[in-house]
A.B. asks: 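So that we are looking at the same thing, I have put the structure below in structure tokens.
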Protein chains: 2
Amino acid sequence: MREAVTLSDVAREAGVSPSTVSRVINGTARVDASKRDAVLKAIERLNYQPNIMAQGLAQGRSLTVGVITQEISSPYYGEMLRGVEQALEATPYHPIFASGHWRADQEEAALKVLVGRRVDALVVMDSSVPEERLLELVKKMPVVVIGRQIEGLSCLSIDNAQGAYEGTRHLIELGHRRIAHIAGPHSHPDAIERLEGYRAALQDADVPFDPALVVEGDYLEPSGVLAVESLLARGALFTAIFAANDQMAYGANVALYRRGIRVPHDVSLVGFDDLLSSSYFSPPLTSVRQPSQEMGWEAARWVLAMLEGKSYTPRPLSTRLIVRESTTLLRSPSSRLRLQMF
Amino acid sequence: MREAVTLSDVAREAGVSPSTVSRVINGTARVDASKRDAVLKAIERLNYQPNIMAQGLAQGRSLTVGVITQEISSPYYGEMLRGVEQALEATPYHPIFASGHWRADQEEAALKVLVGRRVDALVVMDSSVPEERLLELVKKMPVVVIGRQIEGLSCLSIDNAQGAYEGTRHLIELGHRRIAHIAGPHSHPDAIERLEGYRAALQDADVPFDPALVVEGDYLEPSGVLAVESLLARGALFTAIFAANDQMAYGANVALYRRGIRVPHDVSLVGFDDLLSSSYFSPPLTSVRQPSQEMGWEAARWVLAMLEGKSYTPRPLSTRLIVRESTTLLRSPSSRLRLQMF
DNA sequence: TTGTACGCGTTATCAC
DNA sequence: GTGATAACGCGTACAA
């Protein structure tokens, strides 16, 4: 384990003082061209790299942006993280991730880790961290929250109700009236909003809301499977499903497949998020696109701006229905009858 | 932006010297029970959190493990990163990721970032970083390389040829003889190995190798689409496809779907990796399972052991064929004929 | 057992 | 312009 080259080594090598080296590196003050050159050459020769921890100690900043995510391997959060990474790429900042796994205690633990590491700013994704905690944090550093709207905080979110409304309306326009909904966990505000959008679309089309057609999932694939099985077990009649996210739609699709129910021939299926993989699903999934990567990007740009004391107005982020091949016109009334056979 | 609480603050609050506080925190030496108590109470009261950067400067370590990945939002790397995260969870270390995007220059840049941040150890995933560079790094810190075998380095990899062999043999056992292969980029050693496994399986079954049935992709979904289109365009006859990874299999599946070719009825499909989403694919994908999460986990445990000066023998990691519903017995010779109609 | 003094590598504040 | 000198917050010899 070799010794690391320090700034002093460079100074000695270049025959100048450490301060001068620091000035050359940071452009803090004018330096004579010849000395400047000598320093740069010495840096090159010694392959010097500043010690970020020492810089941080001296300047009181870590050049690090903390990101609270729920699950790093999730395709949904993956896209957001990619957006953050991209936004930070050309800056001296680097992201550091910590996962909450959808559990309040783990989120708090993750928060502690990041604060302990003296992150300069925070991006909080879909957290269930208490408002007061966030309001406390924002006194210490720039914070941007994704997926919630909290008074006094910089928030970034989409109109979940509107997205769900459009997804459901699409099915209604195709002639479907018995539309099941696989909801997200009721503990998540966005899940509630999507459920409301679903109900609003039904109401506007004079389709009666049937509680028996709604099942709660947890945003993961297996819960989509369970949801469909539970719907079928209770004898629910439906010709379409609107899932609160793509992953549950994937699960639903498999459950239908196992029963020999074809998508979209027998049942139309709409998801939410439009994950990258959804266009390669078979059939390619109709979904309400959520600009996840852009959201991560905007959040990162926002905290960067705050760090520089600049103001920033994030671009408006909106959902958009992407129609693919998992939805189709309701076929004759026989569809409903056929479902009774399953 | 509030002032942070320092160790000295705690010392003052508890009426002891800073060194005593340090000792209590790190358990470096015995401390009188009463003082110890006072310190702990003061820490609690002030909500003190040690400054990691200062600790790092003083001790010459950052409590950070650097991870070179190719693409953070990739489902494949996501699983590995999750494994790393998990392994580090109960330790004082935290991972920090940097992406190479499959480009040598960006990998080198990522490496620079991590070294600049003084990571204590390095996990390098599927890199194309030159051997010499890695051998140079290993002099400075513990390094574990995933997906390559390099003399003098701690490496972790699976038997790609064996996995590919089994995937291909499975198809052969189902009666297929005209098996197309969507290969990974020839610049990747694992892609070459998988191609060789495919060829070996054919050879062992006396099935002639037909270069016209092999197309090179880049491990991403779109290349799977292109591969199938190119096969069909050149009039290739095949009843099964072995893709070098799941993502390309997804792409292939969509391309087939668009042509009205059904999986597995008309064409059987085998992937490689067995991503989490593959069991929710429709049809659920037969795939050669690669224990990605375990690989990340083992790599992290390994560098941790090295940091502690302990020796470590990683569990053997092997591939396993997971048979699902995208493969089926070759139906009558008509399959081949039918393909001619596409 | 406890406190003092110094060093970790850098930046910032002074003089010069 | 440039170079000493003192921080930054912590760990750790060393002395007591």
Side-chain angles (χ1 to χ4, degrees), chain A residues 1-40 42-43 46-64 92 115-120 140-141, chain B residues 1-40 42-43 46-64 92 115-120 140-141:
Chain A
M1 315 274 162
R2 232 169 46 199
E3 295 296 321
V5 181
T6 75
L7 183 144
S8 305
D9 296 334
V10 175
R12 199 174 315 114
E13 175 83 7
V16 299
S17 78
S19 340
T20 301
V21 177
S22 176
R23 285 192 261 264
V24 170
I25 293 175
N26 303 304
T28 318
R30 311 182 64 101
V31 174
D32 187 85
S34 69
K35 303 209 172 189
R36 173 192 195 72
D37 233 51
V39 169
L40 291 175
I43 288 180
L46 270 48
N47 191 24
Y48 166 73
Q49 276 197 292
N51 183 325
I52 287 239
M53 294 188 297
Q55 287 185 326
L57 230 211
Q59 302 189 151
R61 51 169 189 50
S62 60
L63 291 178
T64 296
V115 172
R117 292 199 165 250
R118 297 295 192 273
V119 296
D120 296 327
K140 303 210 281 188
M141 63 182 89
Chain B
M1 314 279 163
R2 232 168 49 196
E3 294 296 320
V5 181
T6 75
L7 184 144
S8 305
D9 297 333
V10 175
R12 201 174 314 115
E13 175 83 7
V16 299
S17 78
S19 24
T20 300
V21 177
S22 174
R23 286 191 260 264
V24 171
I25 293 175
N26 303 306
T28 318
R30 310 182 67 97
V31 174
D32 187 83
S34 68
K35 302 209 175 194
R36 172 192 196 70
D37 233 50
V39 169
L40 291 176
I43 288 181
L46 269 48
N47 191 24
Y48 167 72
Q49 277 198 295
N51 183 325
I52 288 238
M53 293 187 299
Q55 286 185 326
L57 230 210
Q59 300 188 151
R61 53 171 187 48
S62 61
L63 291 178
T64 297
V115 171
R117 293 201 163 246
R118 296 298 191 272
V119 295
D120 295 327
K140 303 210 281 188
M141 65 182 90

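Numbered from 1 within each chain, the chains take letters A, B, ... in sequence-line order. Both backbone and side-chain heavy atoms feed into the values below; hydrogens, waters and symmetry mates do not.
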A.B. asks: Among the nucleotides D:dT2, D:dG9, C:dG9, which one has an atom lying closest to any side-chain atom of A:Asn51?
C.D. replies: C:dG9

A.B. asks: Specify the separation, in whole Å, of atom CD of B:Gln49 and atom P of D:dC10.
C.D. replies: 11 Å

A.B. asks: Could you check whether any side-chain heavy atom of A:Val115 comes within less than 4.5 Å of a side-chain heavy atom of B:Gln49, counting everything from C-beta outward?
C.D. replies: yes

A.B. asks: Closest-nucleotide mapping onto DNA chain C: is B:Arg36 or A:Pro50 further toward the 5' terminus? I mean the 5' end.
C.D. replies: B:Arg36

A.B. asks: To the nearest Å, how far apart are A:Tyr48 OH and C:dG9 C1'?
C.D. replies: 7 Å

A.B. asks: Can you tell me if A:Thr20 touches the phosphate of D:dT2, counting only side-chain N or O atoms and a distance under 4.0 Å to OP1 or OP2?
C.D. replies: no

A.B. asks: In whole angstrom, what separates B:Leu63's CG from D:dG11's P?
C.D. replies: 10 Å

A.B. asks: If you round to the nearest 0.5 Å, how far is CG of B:Leu7 from CG of B:Leu46?
C.D. replies: 11.0 Å

A.B. asks: I'd like to know whether A:Val31 forms a side-chain contact (heavy atoms from CB on, under 4.5 Å) with A:Val39, so could you lay out the CA-CA distance, the side-chain angles of the two residues, the decisive distance to 0.1 Å, and finally the verdict.
C.D. replies: CA-CA 10 Å; A:Val31 174; A:Val39 169; over 6 Å; no

A.B. asks: From the options C:dG3, C:dT11, D:dC10, select the nucleotide whose nearest atom is closest to the side chain of B:Ala54.
C.D. replies: D:dC10

A.B. asks: Is the phosphate of D:dG3, meaning OP1 or OP2, less than 4.0 Å from a side-chain N or O of A:Ser17?
C.D. replies: yes

A.B. asks: Can you tell me how far CZ of A:Arg30 sits from CZ of A:Arg36, rounded to the nearest 0.5 angstrom?
C.D. replies: 10.0 Å

A.B. asks: Within this structure, what is the CG-to-P distance between A:Leu57 and C:dC8, rounded to whole angstrom?
C.D. replies: 14 Å

A.B. asks: Report the nucleotide, chosen from C:dT2, D:dG3, C:dT10, that has the shortest atom-to-atom distance to any side-chain atom of B:Asp32.
C.D. replies: C:dT2

A.B. asks: Under 3.5 Å, is there a donor-acceptor pair between the A:Ser22 and A:Ser19 side chains?
C.D. replies: no

A.B. asks: Would you mind reading off the distance between A:Met53 atom CE and C:dG9 atom P, rounded to a whole angstrom?
C.D. replies: 9 Å

A.B. asks: Give the rounded distance in Å between these two atoms: CZ of A:Arg118 and C1' of D:dG9.
C.D. replies: 9 Å

A.B. asks: Is the shortest side-chain heavy-atom distance between B:Thr6 and B:Asn51 below 4.5 Å?
C.D. replies: no

A.B. asks: Just how far, in rounded Å, is C1' of C:dG9 from CZ of A:Arg12?
C.D. replies: 13 Å

A.B. asks: If you restrict it to nitrogen or oxygen atoms, what contacts under 3.5 Å exist between nucleotides 12-15 of chain C and the protein, and what is each distance?
C.D. replies:
none

A.B. asks: Give the rounded distance in Å between these two atoms: CD1 of B:Ile52 and P of D:dC10.
C.D. replies: 11 Å

A.B. asks: Got A:Glu13 and A:Val10 here, is their nearest side-chain heavy-atom distance under 4.5 Å?
C.D. replies: no

A.B. asks: Taking 4.0 Å as the cut-off, does a side-chain nitrogen or oxygen of B:Gln55 come that near to OP1 or OP2 on D:dC10?
C.D. replies: no

